[in-house]
Amino acid sequence: MSSGFLSSPLRNVIGGILFVMVVAVVAVFAYMGQGWSLGDAVYMVAMTVYTVGYGEVHPVTTPQLRAITIALMVVGCTGMVFTTGSLIQLITAAQFQQVFGTRRMQKEIDGLTGHVVVCGFGRIGQQLCHELKAARMSFVVIDHDSERMESARAAGHCFLEADATDEETLKRAGITRAKALATVLPEDAANVFITLSARALKPDIFIIARGELPSTERKLVQAGANRVVLPARIGAERVAELLLFDDINSIVARMRAGGNDRLAADLRLLGLDMEVVAVENGSACDKRTIGEIEKLGAGAFLIVALEKRMGGALIQPEQGTYVEAGDGLCIVRRPEKAQMLEDLFAAGGA
């Protein structure tokens, strides 16, 4: 066996088991070659390999039987001892790794301040953590699923394999030192409970909660969520924007593609983002000019393109350009101003 093979306890266990099985099969056929039945041969091999020593099945009197038995004792028992030792090493190594790995991870989490606590490492949670890591924002992932936590470990994330609805788990994640909490579990009830617990543990924390059903949005807000994200609604709105405002969406796509685009690079450097919003009937921005809409935003965003509902896109529209329901606007904003856009452009908004 090579040193690389011997360095892995799991490989040692598998190799030891295969070795003992081969020795046992050879010994069984050897005994059967001396006139023993299959049952007697298997019993003799098992008793010898496991060093039980109840007594010989048949008298071992011939030189051939003695040679077979001696070889089985030396080779079989050695293989069994090696396998047992490897198994103990594997169990011990796993326990030490779990204990010391958990302590090391907890120590790392205890050193975090101003981080984000992410509850749930499913499809949305994984994408969220990817974006946070790309932005160099420190965060802690909480999930009770061992397979998902193995994925978090492989990605190099700080994580806790625990129940996020437990207040003690949130405390271990440093909720009192955290800047924000994002609960993106697929169960609405769990997200509501986590929101309540987080708000009670740290009243001033910023909470973003995921909701599956539209009726859950109000409950999450009442529980203390600053923002509620409904993935189904966001997806539908995005599809509608692509269908209705293809021209300015193409502009946004080209600018987000980055590369050597100077404007896209400048936006990323300034921490700005671009998105397309639709002006809804009865919203605060319906039947207003570009200048009036930007004034309502109090400098929170800048309108860089307009696509009329009847067709045609205007790049850098004049301040006096008229906007009405059904038009699409390409807006440059800071990420934290998303709620203001929803309030201004949605029907019944401010």
Side-chain angles (χ1 to χ4, degrees), residues 131 135 179-180 182 204-209 214 217-218 220-222 224-230 233-258 261-350:
E131 296 295 334
K179 173 184 178 181
D204 62 340
I205 192 171
F206 186 80
I207 299 175
I208 299 177
E217 183 174 9
R218 179 176 56 84
L220 286 167
V221 172
Q222 290 176 343
N226 299 93
R227 291 292 310 280
V228 177
V229 177
L230 301 175
R233 187 174 71 183
I234 292 175
E237 290 176 351
R238 181 59 180 154
V239 171
E241 289 169 1
L242 290 171
L243 291 171
L244 297 171
F245 311 119
D246 181 63
D247 289 342
I248 55 176
N249 269 292
S250 298
I251 296 170
V252 174
R254 288 197 301 270
M255 297 180 74
R256 279 179 170 167
D261 193 297
R262 180 64 180 273
L263 179 55
D266 289 343
L267 289 176
R268 289 193 297 271
L269 183 63
L270 294 172
L272 301 175
D273 195 10
M274 297 185 70
E275 71 172 290
V276 177
V277 296
V279 179
E280 296 186 15
N281 186 30
S283 69
C285 297
D286 186 15
K287 296 181 176 61
R288 291 182 182 270
T289 64
I290 294 292
E292 290 173 339
I293 295 173
E294 290 183 343
K295 187 175 181 180
L296 286 175
F301 57 83
L302 179 66
I303 299 173
V304 296
L306 164 68
E307 183 169 348
K308 303 296 290 184
R309 63 177 177 176
M310 301 305 293
L314 300 175
I315 308 301
Q316 294 182 340
E318 298 291 336
Q319 292 288 295
T321 303
Y322 194 68
V323 177
E324 57 186 343
D327 291 348
L329 298 174
C330 179
I331 289 178
V332 175
R333 63 165 177 84
R334 293 193 178 277
E336 64 271 14
K337 299 300 182 181
Q339 183 63 50
M340 176 180 285
L341 293 185
E342 185 174 338
D343 293 341
L344 286 176
F345 293 98

For the [atom1] atom of [X] and the [atom2] atom of [Y], what is their distance to the nearest 0.5 Å?
| X | Y | atom1 | atom2 | answer |
| --- | --- | --- | --- | --- |
| Glu217 | Gln222 | CD | CD | 11.0 Å |
| Leu306 | Glu318 | CG | CD | 12.0 Å |
| Leu296 | Phe301 | CG | CZ | 7.0 Å |
| Ile208 | Leu220 | CD1 | CG | 12.0 Å |
| Glu324 | Asn281 | CD | CG | 10.0 Å |

Working for side chain to side chain contact (heavy atoms under 4.5 Å, CB included), residues Ile293 and Leu344: CA-CA 9 Å; Ile293 295 173; Leu344 286 176; 5.6 Å; no
Item to complete: Please test Glu294 against Leu302 for side chain to side chain contact (heavy atoms under 4.5 Å, CB included), starting from the C-alpha separation and ending with a verdict.
Response: CA-CA 7 Å; Glu294 290 183 343; Leu302 179 66; 3.2 Å; yes
Minimal heavy-atom distance between Gly224 and Ile207, with the atoms involved, is O-CD1, 3.9 Å
Passes side chain to side chain contact (heavy atoms under 4.5 Å, CB included), Asp327 versus Glu307? Steps please. CA-CA 6 Å; Asp327 291 348; Glu307 183 169 348; over 6 Å; no
(Q) For Gln319, I'd like to know if atom CD has over 12 heavy atoms of other residues, nucleotides or ligands within 6.0 Å. (A) yes
- Item | Criterion side chain to side chain contact (heavy atoms under 4.5 Å, CB included) on Leu329 and Ile290, from CA distance to verdict | CA-CA 10 Å; Leu329 298 174; Ile290 294 292; 4.2 Å; yes
